[in-house]
Participant: 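Here it is, the structure, as structure tokens.
By convention in this document, chain letters (A, B, ...) are assigned in the order of the sequence lines, proteins followed by strands, and residues within each chain are numbered from 1.
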Number of protein chains: 2
Amino acid sequence: MPIDITAVTLAELRYVVALSDQRHFGRAAKSCRVTQPTLSAAIKKFETTLRVTLFERSSKHVAVTPLGAQIVEEARRVLDATDRIGDLAARGHRPLSGPLRLGVIPTLGPYLLPWLVPPLREAYPDLQLVLREVKTSVMVEELAHSQLDAGILALPIPARGMSSSPLFEEPFLFVGPSGHALGKKTSVKEGDLEGERVLLLDEGHCLRDQALSICNKVGATTDDRESDFRATSMETLRHMVGAGMGSTLLPALAVSDDEEARSHVTVRPFVAPQPGRRMVLAWRKTHPRAEDHALLAEFIRKHAPDVVKSTRNHATKK
Amino acid sequence: MPIDITAVTLAELRYVVALSDQRHFGRAAKSCRVTQPTLSAAIKKFETTLRVTLFERSSKHVAVTPLGAQIVEEARRVLDATDRIGDLAARGHRPLSGPLRLGVIPTLGPYLLPWLVPPLREAYPDLQLVLREVKTSVMVEELAHSQLDAGILALPIPARGMSSSPLFEEPFLFVGPSGHALGKKTSVKEGDLEGERVLLLDEGHCLRDQALSICNKVGATTDDRESDFRATSMETLRHMVGAGMGSTLLPALAVSDDEEARSHVTVRPFVAPQPGRRMVLAWRKTHPRAEDHALLAEFIRKHAPDVVKSTRNHATKK
DNA sequence: TCGGAGTGATCGAACGTGCCTATCGACATC
DNA sequence: GATGTCGATAGGCACGTTCGATCACTCCGA
């Protein structure tokens with residue numbers, strides 16, 4: 001009959017380790033907060049199920065057999081690991097602690113995270129933040145499949161079963177080549193885009209869809225079919241504009257103060273009604289730690305740079 | 001209320017790991033040989049006692065939370081360690097396997113072990129032999145205090161509560177300086193030692209006591225009080241004899257075939273009644289693996305070199 | 001030689017709990 | 001709307017862990 005390790009209890013392992021430490025049934029029992037008969041019985045059962053003798057008892061001394069010593073070592077490992085489980089769990093129900101896999105869209109991540117991460121680490125040192133920069137289309141997939149816990153993206157969320165909390169509104173800025181006609185004005189309005197050739201990002205970026213929708217509304221050209229004119233990143237988009245291939249719309253956070261000097265472009269804000277995008281923190285409705293996400297959203301609203309208007313309304317909506 | 005890690009069961013950890021692997025309650029339950037309600041309840045209890053959510057259930061998918069993944073990892077460690085306990089135990093009740101701390105007296109060890117250890121390792125590869133070379137006085141201490149499992153020494157055993165199994169009788173040989181008068185005979189008898197100056201080992205060696213007892217019987221000189229004449233090892237004893245400081249008695253195994261050439265000494269065997277010592281394997285009466293020791297004694301009898309006469313009587317006596 | 005102190009083993013009772021079968025409710029699919 | 005799948009729930013049984021009380025043994029001092 002083979003050994004049935006299933007029948008072993010964690011309590012028994014604790015008793016075995018305690019007895020190995022104390023070499024005395026009474027003291028070992030006391031250190032385990034049980035009575036001596038309990039400990040005796042447990043040790044005996046353990047030895048019986050394993051069919052080995054761990055302890056050599058005499059009326060005066062309790063000695064550990066060599067095999068017993070090896071088993072005690074493993075038992076210690078077992079108990080250590082269980083303790084670590086307890087620690088993980090204890091840490092786990094403090095707010096915003098433990099692992100959190102956060103997705104951020106690439107048109108926002110590089111510009112928001114430098115503002116966000118340092119204070120977040122300071123405020124919640126136990127938070128193990130795993131950041132992934134993924135396009136909206138991928139993000140909703142990963143959110144739905146539990147590969148991400150939450151994500152920062154722009155409305156509308158192209159998926160069902162998601163909860164979200166508003167973060168801020170990020171206005172778009174007009175970016176054209178240096179010397180562009182619109183550069184003569186201090187600000188532009190949406191309608192000014194009529195007839196402009198507006199360069200777009202690659203498929204899958206929400207920024208592309210948002211810009212495209214504005215262009216369609218006001219009658220701007222978008223070269224939609226010519227893939228040569230689709231940039232795979234905003235950096236590429238900048239260079240294409242700087243090279244005079246067209247104009248574009250960039251989210252405010254992505255535009256630095258010395259943008260015009262750095263990229264040889266003209267940057268102008270829009271007058272109201274400002275086009276822009278509404279950023280939210282989103283997560284699966286079924287996610288067990290929704291409170292954490294609400295807390296995180298609140299934190300992001302507080303620490304978003306001034307360029308964007310943090311949303312005051314904290315309500316969570318579908 | 002703090003988390004009571006005491007309340008978790010190894011079974012629960014198995015279920016948690018299985019569910020993390022299978023992502024399906026039914027299959028996980030089957031892989032654990034329990035019914036699905038059992039597994040559901042166990043997972044729920046585990047999550048309740050730890051007050052964390054390990055699994056995100058929906059009617060179609062079971063997903064592991066990030067914290068859950070960490071806990072599952074630790075749970076795996078726990079189960080691995082328990083499995084190792086099972087392995088240790090399983091190995092443990094095969095004969096002559098696992099750790100065995102064996103003491104050997106220094107006047108025998110270097111000459112017996114080369115004959116003994118190689119076949120022993122081959123016959124019992126799972127035996128983890130830890131050898132210690134200790135004088136008889138120390139050995140009985142360590143045997144009594146469970147620091148050794150068994151020991152090879154000469155009768156009589158200066159301790160109570162020991163069992164032993166006879167191994168072999170090892171005759172003593174007369175060793176004198178080259179050109180010694182007794183060298184003219186092919187063999188000597190005990191009485192020839194009368195008037196000889198016999199050199200002895202240091203205190204604590206049983207060989208000293210045995211030689212001393214013979215010397216006292218036949219009236220040989222032993223310089224008992226002059227510590228300068230006490231050798232701390234048999235090697236020293238050899239050199240002292242070779243230097244003409246006196247004669248000595250050496251156990252047969254310690255004398256090599258080319259002893260006379262190598263050490264410039266004269267070696268002669270005794271005629272019957274041959275003086276010698278009776279070697280035994282000894283262990284605490286209370287030692288839980290006495291069968292192993294009987295087995296080991298039998299093995300030693302079989303593999304002892306021909307110089308000594310293996311005892312045929314296998315009986316264990318006090 | 002006797003008794004007291006200290007140790008581990010044993011016994012019977014009671015409570016807790018882990019497991020089972022049977023069933024339900026939610027959801028998806030046809 | 002019927003069917004099938006999946007996980008949760010309910011009820012009940014049985015085993016095992018625990019405790020208090022007690023026993024058997026050894027050692028040691030009077």
Participant: A:Ser40 side chain: which of C:dG8, C:dG18, D:dT9 is closest?
Facilitator: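 Closest nucleotide to the A:Ser40 side chain: C:dG8.
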Participant: Could you state the OH-C1' distance from A:Tyr15 to D:dT17, rounded to the nearest angstrom?
Facilitator: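 Distance, rounded to whole Å: 8 Å.
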Participant: So, A:Glu141 versus A:Ser137: side-chain donor-acceptor pair below 3.5 Å or not?
Facilitator: no
Participant: OP1, OP2 of C:dA9 versus side-chain N and O of A:Arg57: anything below 4.0 Å?
Facilitator: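 Yes, because at least one side-chain N or O of A:Arg57 sits under 4.0 Å from OP1 or OP2 of C:dA9.
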Participant: Closest approach to the side chain of A:Thr35, judged atom by atom: which nucleotide of D:dC19, D:dT18, D:dG7 is it?
Facilitator: D:dC19
Participant: Looking at C:dG18, C:dT10, D:dA8, which one has an atom nearest to any side-chain atom of B:Thr9?
Facilitator: C:dG18
Participant: A:Leu10 has an atom CG; how far is it from atom P of D:dG16, in whole Å?
Facilitator: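 Computing the A:Leu10:CG to D:dG16:P distance gives 17 Å.
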Participant: Salt-bridge test for A:Glu291 and A:Arg94: reply yes if a basic N is under 4.0 Å from a carboxylate O, no otherwise.
Facilitator: no
Participant: In terms of side-chain heavy atoms of B:Val34, which of D:dG20, C:dC20, D:dA8 is nearest?
Facilitator: C:dC20
Participant: Could you state the atom-to-atom distance from CZ of B:Arg23 to P of D:dG7 in whole Å?
Facilitator: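 To the nearest whole Å, that distance equals 13 Å.
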Participant: Just say parallel, tilted or perpendicular for the rings of B:Trp283 and B:His293, cut-offs at 30° and 60°.
Facilitator: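 Ring orientation of B:Trp283 relative to B:His293: tilted.
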Participant: Give the nucleotide from the list C:dA9, D:dC19, D:dA8 with an atom nearest to the side chain of A:Thr38.
Facilitator: D:dC19
Participant: CD of B:Glu12 versus C1' of C:dG18: gap in Å, rounded?
Facilitator: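 One finds 9 Å between C1' of C:dG18 and CD of B:Glu12, rounded.
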Participant: Measuring from the side chain of A:Lys44 (C-beta onward, heavy atoms only), which nucleotide among D:dT9, C:dT10, D:dT17 has the closest atom?
Facilitator: C:dT10
Participant: Look at all strands and tell whether B:Phe55 reaches a base, only sugar-phosphate, or nothing, counting heavy atoms closer than 4.0 Å.
Facilitator: nothing
Participant: Could you tell me how far apart A:Phe46 (CZ) and D:dT17 (P) are, to the nearest whole angstrom?
Facilitator: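 So the two atoms are 13 Å apart, to the nearest Å.
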Participant: Does the side chain of B:Lys45 get closer than 4.0 angstrom to OP1 or OP2 of C:dT17 through an N or O atom?
Facilitator: no
Participant: From the list D:dG7, C:dC19, D:dT18, which nucleotide is the closest neighbour of the side chain of A:Ala11?
Facilitator: D:dT18
Participant: Does B:Glu298 pair with B:Arg301 as a salt bridge, N-O distance under 4.0 Å?
Facilitator: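 Judged by the 4.0 Å cut-off on N to carboxylate O distance, B:Glu298 and B:Arg301 do form a salt bridge.
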Participant: Nearest to the B:Pro37 side chain among C:dT7, C:dA9, D:dT9, which nucleotide is it?
Facilitator: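 The nucleotide sitting nearest to the side chain is D:dT9.
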Participant: Could you tell me the separation between the CZ atom of A:Arg27 and the C1' atom of C:dG8, rounded to a whole number of Å?
Facilitator: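 Between C1' of C:dG8 and CZ of A:Arg27: 13 Å.
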Participant: Rounding to a whole Å, what distance do you find between B:Lys30:NZ and D:dG7:C1'?
Facilitator: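 B:Lys30 atom NZ is separated from D:dG7 atom C1' by 16 Å.
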Participant: Would you mind reading off the distance between A:Leu39 atom CG and D:dT17 atom P, rounded to a whole angstrom?
Facilitator: 13 Å
Participant: Just by distance, do the side chain of A:Thr9 and the backbone of A:Glu12 share a donor-acceptor pair under 3.5 Å?
Facilitator: no
Participant: If you pin A:His24 and B:Gln36 to their nearest nucleotides in DNA chain C, which one's is more 5'?
Facilitator: A:His24
